[in-house]
Structure formats: structure tokens, C-alpha cells
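Here's the structure we're looking at; comments come further down.
Worth knowing before you read on, the calculation uses all heavy atoms, side chains too, and leaves out hydrogens, waters and symmetry mates.
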Amino acid sequence: MNIAYWIVVVLFGGFMIFSAIPDIMMNPDAVKMIHDDMGYPMYFLKFIGVAKLLGGLAIIIPGFPRIKEWAYAGLMFDLISATYSFDALGKSPIEWAPMFLFIGLGFAAYVLYHKKYKTTAV
């Protein structure tokens, strides 16, 4: 169970960290998607990038259970909001449906985190 936990958490946390880098660096593709396509303000891009980076690090670094809870919640809000935004803009499901893979990975990481936390807390 411990191995499964670390595999899923590193995959999910790594995805969130690596998806944060273009946002923080204001990559032209990230700017186009968030600002031009979705209509969010430019300042939101760097904010969401830093939030994803910190959240990804928080779930990977051992300890800090209360911070992990907030990190999981924030990362899931990010993924669900992005999926909803794509759908609300009228994008084809083929474009936004793959987000459910990452949402599922996030849920799996959260469930495994709680299973691991209960076995080590006893």
C-alpha cells in the first residue's frame, strides 16, 4: 500500500508541479489558453501557477497533514474549475475529457493518503 501511495502521489503532485511551471513563467501557450481563450485576467495565471506549485510540493513532502488537506482541496478545485471552464466555453469534450484522468488521479492520491495516514497514526 505504501508503494502504491507514493507512486500515485508523485504522479499527481508531479503533474501539478510541472503544469505550474508554464503558468509561473507566463509561457505564451499558457497565456493564450488562460487569458485569450478563457478570458481570465493575466494576474490569475501567475497566481494559479504558484498555488499549483505549492500544492504539489505540499502533497509530496512528508508530514504536515493539515496543509495536505488544504493542498488536495485546492488542487482539486483547480482541476474541476479548469474542466468546467473548458466545457462552459463550448469546447469539445474531446478537449476537456482527459482532465478526468487527472481528477481521478487526485482522488486516488487523496484516498491512499488517508489510508496511509490511518495505518501510521495508530
Side-chain angles (χ1 to χ4, degrees):
M1 208 265 313
N2 198 34
I3 293 170
Y5 164 77
W6 281 109
I7 290 171
V8 172
V9 167
V10 168
L11 283 173
F12 181 62
F15 166 74
M16 296 310 293
I17 290 167
F18 286 113
S19 72
I21 294 169
D23 298 347
I24 294 169
M25 296 180 68
M26 303 292 282
N27 179 289
D29 292 334
V31 170
K32 181 184 179 323
M33 182 179 69
I34 299 292
H35 180 66
D36 300 342
D37 296 346
M38 293 183 163
Y40 288 106
M42 289 290 288
Y43 64 82
F44 182 71
L45 186 61
K46 198 169 276 197
F47 167 78
I48 201 69
V50 170
K52 288 192 297 189
L53 175 66
L54 293 174
L57 290 172
I59 67 168
I60 291 175
I61 295 172
F64 311 104
R66 187 167 304 207
I67 292 173
K68 283 187 190 317
E69 289 290 330
W70 282 97
Y72 277 113
L75 294 173
M76 294 310 291
F77 282 133
D78 172 70
L79 292 172
I80 292 167
S81 298
T83 304
Y84 175 78
S85 293
F86 283 123
D87 181 47
L89 289 169
K91 301 282 185 182
S92 162
I94 223 74
E95 295 180 71
W96 53 262
M99 292 293 287
F100 288 116
L101 173 70
F102 301 109
I103 292 169
L105 191 60
F107 277 121
Y110 183 74
V111 168
L112 288 171
Y113 162 68
H114 273 280
K115 285 185 179 185
K116 181 180 181 296
Y117 186 73
K118 284 180 183 172
T119 60
T120 57
V122 173

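- Counting non-hydrogen atoms of other residues, nucleotides and ligands closer than 6.0 Å to CZ of Phe64 gives a total of 12 or fewer.
- In plain terms, the two heavy atoms of Trp6 and Pro62 that are nearest each other are CH2-CG, 4.0 Å.
- Looking at Ile3 and Ile7, their side chains come closer than 4.5 Å, going by heavy atoms from C-beta outward.
- No donor-acceptor distance shorter than 3.5 angstrom exists from the side chain of His35 to the backbone of Pro41, with no hydrogens or angles considered.
- By the 4.5 Å heavy-atom criterion applied to side chains, Lys52 and Phe15 are not counted as neighbours.
- Across all their heavy atoms, Ala30 and Asp23 have their closest contact at CB-OD1, 3.6 Å.
- The backbone N or O of Ala58 lies less than 3.5 Å from a partner atom in the side chain of Lys68, making a donor-acceptor pair.
- In this structure, the separation between CG on Leu75 and CG on Leu105 is 11.0 Å, given to the nearest 0.5 Å.
- In this structure, CZ on Phe12 lies 10.5 Å from CD1 on Ile17, to the nearest 0.5 angstrom.
- With rounding to the nearest 0.5 Å, the separation of CD1 in Ile60 from CG in Leu11 is 9.5 Å.
- Just one residue in the list Phe100, Phe107, Phe102, Tyr84 forms a side chain to side chain contact (heavy atoms under 4.5 Å, CB included) with Leu79, and that residue is Phe102.
- Atom CD1 of Ile48 is separated from atom CD1 of Ile24 by 10.5 Å, given to the nearest 0.5 angstrom.
- Tyr110 and Tyr72 have perpendicular rings, their planes meeting at more than 60° on a 0 to 90° scale where under 30° would count as parallel.
- Residues Phe77 and Ile67 fall into different hydrophobic clusters, defined by Ile, Leu, Val, Met, Phe, Trp and Tyr side chains chained together at heavy-atom separations under 4.5 Å.
- Considering only heavy atoms from C-beta on, Val31 comes within 4.5 Å of Leu45 through its side chain.
- Trp70 and Val111 sit in two unconnected hydrophobic clusters of ILVMFWY residues. Membership requires side-chain heavy atoms under 4.5 Å apart, directly or through other members.
- Remark: Met25 CE is loosely packed, at most 12 non-hydrogen atoms of other residues, nucleotides or ligands lying under 6.0 Å away.
- Met33 places a side-chain heavy atom less than 4.5 Å from the side chain of Phe86.
- For the pair Met16 and Asp78, the minimum side-chain heavy-atom distance is below 4.5 Å.
- Looking at heavy atoms from C-beta onward, Phe18 lies in side-chain contact with Ile21 at the 4.5 angstrom threshold.
- The CD1 atom of Ile34 lies 8.0 Å from the OG atom of Ser85; values are rounded to the nearest 0.5 Å.
- For the residue pair Ala71 and Gly55, the shortest heavy atom distance occurs at CB-O, 3.7 Å.
- Distance CE/Met99 to CG/Asp87: 12.0 Å, rounded to 0.5 Å.
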